[in-house]
**Student:** 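I have a structure here, written as structure tokens, and I will follow up with some questions on it.
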Amino acid sequence: MKENSIPEPNHFLEEIVAADLAAGKYESILTRFPPEPNGYLHIGHSKSICLNFDLAAKYGGKTNLRFDDTNPSTEETEYVESILADVRWLGFEPANIYYASNYFDQLYEWALQLIRMGKAYVDFSTPEEVAAMKGTPTEPGTPSKYRNASVEENLEQFERMRKGDYPDGHCTLRAKIDLAAPNMHLRDPYLYRIKHAHHHRTGDKWCIYPMYDWAHGQSDSIENITHSICTLEFIPHRDLYNWFIEQLGIFPSKQYEFARLNLNYTIMSKRKLLQLVKEHHVSGWDDPRMPTISGLRRRGFTPESIREFARRVGVAKRENLIEFSLLEFCVREDLNKRALRRFAVLRPLKVVVTNFPEDQVEWLETENNPEDPEGGKRPIAFARHLWIEQDDFMENPPPKYFRLSPGNMVRLKSAYIIQCEAVVKDDAGNLTEVHCRYIPESRSGADTSGLKVQGVIHWLAEGHTQTAEVRLYDRLFQVEDPAAEADFKQALNPNSLEYIPNALVEPALHVANAQDYFQFTRLGYFCLDPDSTEDKKVFNRTVTLKDSWSKGQKK
RNA sequence: UGGCCCAUGGUGUAAAGGUAGCACAGCAGAUUUUGGUUCUGUUAGUCUGGGUUCGAAUCCUCGUGGGCCAACCA
């Protein structure tokens with residue numbers, strides 16, 4: 001690649017790649033996304049996925065997906081499948097799909113090599129003993145009594161570990177590095193532990209499994225990964241990463257670290273997300289309130305909006321807590337352009353148009369998407385009996401209330417202007433009907449009435465509706481940073497989900513497909529939930545529309 | 001009190017010794033048959049103290065604040 005063809009970098013990792021390319025250090029770059037298949041991917045992972053794939057694509061390289069499956073007790077095939085599906089849904093296709101477990105044989109050979117070099121030993125100390133012998137950050141560690149066993153002895157014991165002569169936890173293989181190192185990770189780290197567990201890929205072939213540090217850098221090296229990008233908490237591991245590669249004399253992959261994504265009002269810990277699932281605080285990993293990719297997908301977020309979000313949050317090394325409103329902005333921006341407009345009345349209030357004939361239906365039309373000139377129009381029925389949103393009528397309105405109230409006029413979108421003449425209440429004093437007259441000369445597109453009204457509301461004609469269930473979501477937690485709470489579950493928002501079992505929607509929604517994105521006019525963006533049946537559709541609210549009215553009211 | 005990483009408006013992120021910019025959020029206005037969209041304007045920032053320099057967000061340094069590290073997790 002010629003120097004003048006190297007794209008302009010936009011963040012420090014791109015600068016590193018651009019500089020490496022300019023210096024001729026690599027002909028092309030290779031990155032990897034290395035999830036552990038012990039849970040579903042979340043929005044934080046999407047930052048890492050976009051970073052790795054986009055970085056490689058921008059600089060003419062490729063990206064592998066590698067499952068970091070070195071711990072059989074927490075990993076499952078279900079997670080492998082969901083991760084791959086999520087990566088693809090986001091719009092990325094890995095150059096290769098690999099597993100760290102593919103390299104178990106090689107890793108084992110390298111462990112033997114390290115033992116022969118006198119740089120690894122089998123230790124029969126208990127975890128507590130090892131912890132004590134590690135010292136503290138200010139005091140050096142003390143050597144284990146097994147540290148100076150002969151190469152032959154270590155080879156023999158490691159072979160017995162591998163053969164299954166010992167129960168779980170009986171001993172470990174440790175690297176012999178530096179017990180006085182200020183970096184605690186260099187104080188003779190564990191390489192292998194015994195786990196008589198069934199592995200999702202290798203089955204029962206092994207009863208010893210490599211630790212992260214022993215597996216990760218070498219896996220990168222085997223694949224010739226040039227830039228191994230991980231999060232900040234792995235910074236102290238970098239010395240170890242380099243040490244192993246140097247000792248083995250293998251391809252020198254390099255590790256770089258960036259700050260992971262944090263989103264306010266939610267959590268990113270897979271452990272905690274698993275807890276929410278297992279304890280049924282949510283319906284599953286794909287509950288639309290979850291920050292998982294599958295949850296966001298079910299909620300109605302588009303892959304494009306998530307990629308745009310990942311681009312906008314930037315890449316740097318300082319800790320951050322991104323505002324949820326940025327994600328909302330990204331999805332609204334995308335959905336505004338593509339979502340089909342439809343009328344839906346969530347909480348119906350009956351309107352009787354007193355001067356419209358009882359048995360007549362007038363067919364009007366309204367646009368499918370005002371942002372899309374090619375979007376076309378659809379017919380809507382107008383009749384004497386209508387439904388409007390309860391929120392769109394107030395008997396005693398505050399100042400600047402533009403909707404319907406006694407004596408006031410409002411435009412029924414794409415139809416007529418109506419004026420409220422009377423309200424009807426039941427014996428208990430509850431509002432049951434609003435009586436209005438319509439202005440025949442005010443028909444949309446043919447308005448000769450000369451009237452100016454400020455409010456425009458959505459509506460449906462009685463008998464020309466379908467009943468649907470609508471699910472409204474709010475933030476899952478009521479505090480900005482639930483992870484900082486003593487008990488994050490105490491911070492759960494009890495009102496994060498509201499069911500509206502009998503909302504009215506226009507008949508056109510009967511043919512809604514799972515991949516459709518809708519805007520229920522004036523209410524927000526919605527999508528079809530997989531819980532839908534032929535008889536009853538279920539819609540999820542992705543996000544509300546921006547609402548400068550209710551915002552002003554709350555003040 | 002060992003080592004490492006970090007510090008720019010409310011939130012993110014640029015500025016590689018030379019006018020502190022952009023986005024989101026906020027506020028105000030214009031347009032609008034979605035109180036949406038679009039457009040315009042606007043509020044608000046270099047953690048503190050020293051030093052180097054003609055000139056410091058940037059380099060050095062004393063602090064301060066935040067984060068990470070002593071799992072048979074990744």
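Just so it is clear, the model here is predicted, and its values are computed rather than measured. So that the names make sense, note that chain A is the first sequence line, chain B the second, and so on, each numbered from 1.
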**Student:** When you get a sec, tell me which of U34(B), G35(B), A25(B) is the closest nucleotide to the side chain of R403(A)?
**Tutor:** G35(B)
**Student:** Within the sub-3.5 Å range, which N or O atoms of nucleotides 40-48 of chain B have a protein N or O partner, and how far apart are they?
**Tutor:**
none

**Student:** Where the side chain of K551(A) is defined as all heavy atoms beyond and including C-beta, which of A74(B), C27(B), C73(B) is the nearest nucleotide?
**Tutor:** C27(B)
**Student:** Side chain of E15(A) only, please: which of G3(B), A15(B), U34(B) is the nearest?
**Tutor:** A15(B)
**Student:** Could you work out which one of U37(B), A74(B), C24(B) sits closest to the side chain of L326(A)?
**Tutor:** C24(B)
**Student:** Is any N or O donor-acceptor pair between the side chain of H185(A) and the base of A71(B) shorter than 3.5 Å?
**Tutor:** no
**Student:** Please collect all salt bridge (Lys or Arg N to Asp or Glu O under 4.0 Å) contacts where either partner lies in residues 442-461 of chain A, sequence neighbours excluded, each pair once.
**Tutor:** E362(A)-R443(A), R411(A)-D447(A)
**Student:** Between atom OH in Y79(A) and atom P in C73(B), what is the gap in whole Å?
**Tutor:** 17 Å
**Student:** Which nucleotide in the list C73(B), U34(B), A14(B) gets nearest to the side chain of V456(A)?
**Tutor:** U34(B)
**Student:** Taking the side chain of E319(A) as its heavy atoms from C-beta onward, which of C24(B), C73(B), G67(B) lies nearest to it?
**Tutor:** G67(B)
**Student:** Out of C73(B), U37(B), C27(B), which nucleotide sits closest to the side chain of K546(A)?
**Tutor:** U37(B)
**Student:** Between A71(B), A70(B), C68(B), which nucleotide gets closest to the side-chain atoms of M184(A)?
**Tutor:** A70(B)
**Student:** More than 12 heavy atoms of other residues, nucleotides or ligands under 6.0 Å from NZ of K272(A): yes or no?
**Tutor:** yes
**Student:** Determine the minimum heavy-atom distance between T70(A) and R193(A), stating which atoms define it.
**Tutor:** O-NH1, 3.4 Å
**Student:** Where the side chain of E36(A) is defined as all heavy atoms beyond and including C-beta, which of C73(B), C68(B), G3(B) is the nearest nucleotide?
**Tutor:** C73(B)
